[in-house]
Amino acid sequence: MTHLWVRAEQRPNEERVGLTPEGAAALIAAGIRVTVEESSVREIPLAGYVTAGCEIAPENSWPEAPREAIIFGLKELPEDGTPLPHRHIMFGHAYKGQPAGQELLKRFKAGGGTLYDLEYLVDESGRRVAAFGYWAGYAGAAMALKCWAAQQRGEICGPVSKYPGQQALVDDLAADLGAAPRPRAIVIGALGRVGTGASDLCAALDVAVTKWDMAETASGGPFPEVLAHDIFLNCILARPGCPVFVPAAALQDPGRALRVIGDIACDPTSEFSPIKVYDRTTDWAEPALRVASDPVLDVTAIDNLPSLLPLESSIDYAGQLLPSLLTLQDLTAGVWGRAKRDYDHYVALV
């Protein structure tokens with residue numbers, strides 16, 4: 001019997017989960033055994049999983065799970081160097097040359113396990129079957145606006161925490177922005193899920209948005225229009241051939257209007273990153289990285305943005321992913337077969 005083991009998230013400020021109690025009930029009805037770990041932080045209470053018929057395991061006990069279990073989580077595993085013998089479903093961030101990702105692949109290789117990377121679960125046309133993109137865009141735009149509002153007070157954005165819901169986030173931002181004139185934003189990747197979320201947040205706060213996608217960036221650059229806006233929201237994944245939207249020279253440009261970069265794609269260590277003015281992610285304790293002071297420029301690049309709205313983002317993502325989880329009994333076909341081929345290719349390179 002296929003056994004799905006939903007682990008507790010161990011990363012700080014991570015309360016999301018990729019399976020709801022309703023989804024767990026559907027898997028059990030389809031003949032899949034489901035174990036859910038206890039969690040001190042998960043937004044969705046454990047009681048719902050108990051009612052659905054899941055088995056319950058202690059928090060962070062997945063290393064002792066039966067070898068045949070498929071371990072399902074969202075974000076990183078503890079970086080302790082131990083070999084990984086299980087099959088894992090998670091965001092590995094390992095296929096674009098990221099240093100931490102290379103170490104993760106080495107751990108899988110040493111343990112004989114397999115990574116089914118959630119970012120690489122795609123249908124026959126290559127489109128991802130599930131993504132947190134909309135809520136990443138929504139929350140990422142919110143963080144960029146918070147950074148801009150802090151600048152207007154002569155400050156840098158301070159610590160942030162999760163919101164109980166979407167409206168609470170919008171209300172908080174409206175209070176931050178006050179009655180001051182709104183900034184001008186440009187969204188690149190505006191036609192995708194991430195860009196749609198970013199644009200919707202801006203619209204909710206009456207922030208004018210210039211929407212660009214592939215047609216507007218096909219020339220390959222340079223793109224002085226980006227520097228002419230107050231806020232730039234990057235909503236495209238770093239891929240080979242991706243043009244540079246903000247070159248390093250922008251830091252010394254005295255005519256630069258750009259004050260905040262919200263790198264929602266958040267892949268600064270990739271050689272394909274289109275933003276060349278910073279080299280590390282930011283976090284909830286320090287959301288803004290000041291990369292220039294005359295004129296000021298802050299970068300916000302939090303890599304678990306949807307966790308700011310953990311309930312909405314979990315329910316949305318889990319609903320998208322469930323049809324694929326229902327096919328777990330044949331890991332050689334469909335999305336799982338394609339993800340396994342991606343893993344085989346990249347693990348052979350380390």
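Bear in mind that the values here come from a model prediction, so they are computed numbers and not experimental data.
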Task: Nearest heavy atoms of Leu297 and Leu251, plus distance in Å - done: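 That closest heavy-atom pairing would be CD2-CD2, 3.9 Å.
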Listing, residues 198-205 side-chain donor-acceptor contacts under 3.5 Å, not counting sequence neighbours, or none:
from, atom 1, to, atom 2, distance (Å)
Ser199, OG, Gly195, O, 2.9
Asp200, OD2, Tyr134, OH, 2.8

Note, [X] side chain near [Y] side chain (heavy atom, < 4.5 Å):
X: Cys266; Y: Asp303; answer: yes
X: Ile188; Y: Val226; answer: yes
X: Ile302; Y: Pro287; answer: yes
X: Val41; Y: Glu14; answer: no

Open item on the list: Walk me through whether Leu237 and Phe272 qualify under side-chain contact (heavy atoms from CB on, under 4.5 Å).
Closed with: CA-CA 9 Å; Leu237 289 173; Phe272 311 120; over 6 Å; no
TODO: Check the surroundings of atom CZ in Arg153: do more than 12 heavy atoms from other residues, nucleotides or ligands lie under 6.0 Å from it?
DONE: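 Yes - once you tally the heavy atoms of other residues, nucleotides and ligands closer than 6.0 Å, there are more than 12.
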TODO: Take atom CD of Glu79 as the centre, draw a 6.0 Å sphere, and report whether it contains more than 12 heavy atoms from other residues, nucleotides or ligands.
DONE: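 12 or below, so no.
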Taking [X] for its side chain and [Y] for its backbone only, find out whether a donor-acceptor pair lies under 3.5 Å.
X: Glu59; Y: Ser40; result: yes
X: Tyr49; Y: Leu19; result: yes
X: His86; Y: Glu64; result: no
X: Arg11; Y: Glu76; result: no
X: Glu37; Y: Asn60; result: yes

- [ ] Could you check Asp298 against Cys157 for side-chain contact (heavy atoms from CB on, under 4.5 Å), going step by step and ending with a plain yes or no?
- [x] CA-CA 9 Å; Asp298 291 336; Cys157 186; over 6 Å; no
Task: Residue from Val50, Val17, Leu46, Leu4 passing side-chain contact (heavy atoms from CB on, under 4.5 Å) with Val36 - done: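 Result for side-chain contact (heavy atoms from CB on, under 4.5 Å) with Val36: Leu46.
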Task: side-chain contact (heavy atoms from CB on, under 4.5 Å) assessment of Thr300 paired with Lys146 - done: CA-CA 10 Å; Thr300 181; Lys146 285 188 76 69; over 6 Å; no
Distance-only donor-acceptor check, side chains [X] and [Y], under 3.5 Å:
X: Gln98; Y: Thr269; answer: no
X: Asp316; Y: Trp135; answer: yes
X: Thr217; Y: Trp212; answer: no
X: Asp117; Y: Tyr346; answer: no

Open item on the list: Is the distance from the ring center of Phe108 to that of His88 below 6.0 Å?
Closed with: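 Ring centroids of Phe108 and His88 are less than 6.0 Å from each other.
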Could you list the donor-acceptor pairs under 3.5 angstrom formed by side chains in residues 163-170, with sequence neighbours left out?
from, atom 1, to, atom 2, distance (Å)
Tyr163, OH, Asp172, OD2, 2.6
Gln166, NE2, Tyr138, OH, 3.1
Gln167, NE2, Asp171, OD1, 2.9

Task: Derivation of the salt bridge (charged side-chain N to carboxylate O under 4.0 Å, His left out) call for Glu9 and Lys75 - done: CA-CA 7 Å; Glu9 296 294 331; Lys75 299 302 285 185; over 6 Å; no
TODO: Check the pair Asp206 / Arg182 against salt bridge (charged side-chain N to carboxylate O under 4.0 Å, His left out), numbers first and verdict last.
DONE: CA-CA 7 Å; Asp206 299 319; Arg182 296 302 196 242; 5.3 Å; no
Task: Distance, nearest 0.5 Å, that separates CG of Leu227 from CD1 of Ile186 - done: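 Leu227 CG to Ile186 CD1: 9.5 Å, rounded to 0.5 Å.
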- [ ] With rounding to the nearest 0.5 Å, note down the distance linking CZ in Arg338 to CG in Leu121.
- [x]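 Here the interatomic distance stands at 9.5 Å.
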- [ ] Assess whether side-chain contact (heavy atoms from CB on, under 4.5 Å) is satisfied between Ile71 and Leu84, documenting all intermediate values.
- [x] CA-CA 11 Å; Ile71 313 300; Leu84 297 169; over 6 Å; no
Task: Cation-pi, Phe132 ring and Arg16 (6.0 angstrom, 45 degrees) - done: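 Yes, a cation-pi geometry.
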